[in-house]
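Quick notes on the structure that follows.
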Number of protein chains: 2
Amino acid sequence: MNPMTESAGGARDAEAVSKFVESFAAQLVEAGMQRMPARVFAALLSSDEGSMTSAELGEQLRISPAAVSGAVRYLAQTHMVSREREPGSRRERYRVHGNQWYEALTNREAVIKRWEGALREGVTSLGADTPAGRRMAETLAFFEFIETEIVEMMERWRVHREKTFGQE
Amino acid sequence: MNPMTESAGGARDAEAVSKFVESFAAQLVEAGMQRMPARVFAALLSSDEGSMTSAELGEQLRISPAAVSGAVRYLAQTHMVSREREPGSRRERYRVHGNQWYEALTNREAVIKRWEGALREGVTSLGADTPAGRRMAETLAFFEFIETEIVEMMERWRVHREKTFGQE
DNA sequence: CCTTAACTTCACAAAATTCTGAAAGAAGCG
DNA sequence: CGCTTCTTTCAGAATTTTGTGAAGTTAAGG
């Protein structure tokens, strides 16, 4: 009868899950993510299957189908989540791809590329021989440096992960 | 007479500077920074001295003293910019600390720490023996991994920078 | 000390964003 | 093919965020 007692094997404590979802989402929001994507993502991350349907998301988070749709579109674009059709159904499942999402998170390549572009323009338009131009050039070098570093870092992570958690 | 001809040594082409400032600020905004801090920061970055007064910032960006104040407070808190008093004056100068600002940018330690805290709670409240709990644990391991990696990366950058640009 | 220049804080108007309900659009299933 | 179930789009209401003017605070300079 008591929902607290059916922990192992049965339905999870919805209260506790929701509490975690909201607190993790809050952290993501603070780091710059939009509210709905953050909440949807946190919910998916804490689901046992690693995936949920639109209806399940709407129910747990108490948001409209429209909100789910918008959040999922954003998450899919940024490769944090993938969408898959349940065969023989018009229901869609949204899934966090195990270890792929945080790779997406660190994969700021597009952002860095644009910064580099802007900085190159800066060097040109301010003059490579000016103090400001030199500052730009150095900053540009920094970004070029971390760009390759991040790739190597993720390589090392994959090795480390395999050792620690097995391949899967 | 022609402002275009007085490039070397004279006043810089205000038009070109402003254009760069706004376009670089736009990139920062897109990456999640607030508008005013982004614009103020871009302006400082493209000034030859690497520093400007409140009045200069207000004039170039066409914003009120209040806006400058708010933006600078934010930038100082996040260590992107430092404030210094001009001796014997009540004017303050805001300065980008050469190579320190992008270190601040990559120094997301506080953010990562909070994520780690939230994830640890997640492992506990969802159960370390559940699929969701295991996913959390792995994500947690990932953040712990990159935390140390980033420190080492910045070490390497300092060495690389010294070689390329001299100590200063 | 009093004046004045400079920065900060605060309340509010304006602007941008977010979320919803409603309607339209796909796609399985009989 | 039409019915039904699910998803997406869209216009607008509600909330949140942003930037300003004005008043308040601090500190230099007479």
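We name chains A, B, ... by the order of the sequence lines, and we start the count at 1 in each one.
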Q. Met52(A) CE to dC6(D) C1': how many Å, rounded?
A. 16 Å
Q. Reading nucleotides 25-30 of chain C from the 5' end, what letters show protein touch, with B for base, S for backbone sugar-phosphate only, - for no heavy atom under 4.0 Å?
A. --BBS-
Q) What is the distance, rounded to the nearest whole Å, between atom OH of Tyr74(A) and atom P of dT17(C)? A) 14 Å
Q) Any sub-3.5 Å donor-acceptor pair from Ser46(B)'s side-chain atoms to Ala42(B)'s backbone N or O? A) yes
**Q.** Heavy atoms of other groups near Glu59(B) CD, more than 12 under 6.0 Å
**A.** no
Q: Report, as a single string ordered 5' to 3', how protein heavy atoms within less than 4.0 Å touch nucleotides 9-23 of chain D: B base, S sugar-phosphate only, - not at all.
A: B--------SSBB--
**Q.** Integer-rounded Å distance: dT5(D) C1' and Glu92(A) CD
**A.** 13 Å
Q. What distance do Met52(A) atom CE and Gln60(A) atom CD have between them, rounded to the nearest 0.5 Å?
A. 4.5 Å
Q) Hey, is the side chain of Ser54(B) poking within less than 4.0 Å of OP1 or OP2 on dA6(C), counting only N and O atoms? A) no
Q: Could you check whether the rings of Phe145(A) and His160(B) sit parallel, tilted or perpendicular, using 30° and 60° as the cut-offs?
A: parallel
Q) Taking atom P of dC7(C) as reference, at what distance in whole Å does atom CD of Glu84(B) sit? A) 13 Å
Q: Give the minimum heavy-atom separation between Arg35(A) and Val29(A), together with the two atoms involved.
A: CA-CG2, 3.8 Å
Q) Roughly how many Å is it from CD in Glu56(B) to C1' in dC7(C), rounded to a whole number? A) 15 Å
Q. Should the heavy atoms of other residues, nucleotides or ligands under 6.0 Å from CD of Glu15(B) be counted, would the total exceed 12?
A. no
Q.
What is the distance, to the nearest angstrom, from the OH atom on Tyr94(B) to the C1' atom on dT8(C)?
A. 9 Å
Q. Within this structure, what is the CZ-to-P distance between Arg91(B) and dT4(C), rounded to whole angstrom?
A. 17 Å
Q) Do other residues, nucleotides or ligands put more than 12 heavy atoms under 6.0 Å from the CZ atom of Arg85(A)? A) yes
Q: Going by the side chain to side chain contact (heavy atoms under 4.5 Å, CB included) test, name the single residue among Leu28(B), Leu61(B), Val68(B), Leu57(B) that passes it with Arg39(B).
A: Leu61(B)
Q | Gly122(B) versus Met136(B), closest heavy-atom pair with distance | A | C-CG, 4.3 Å
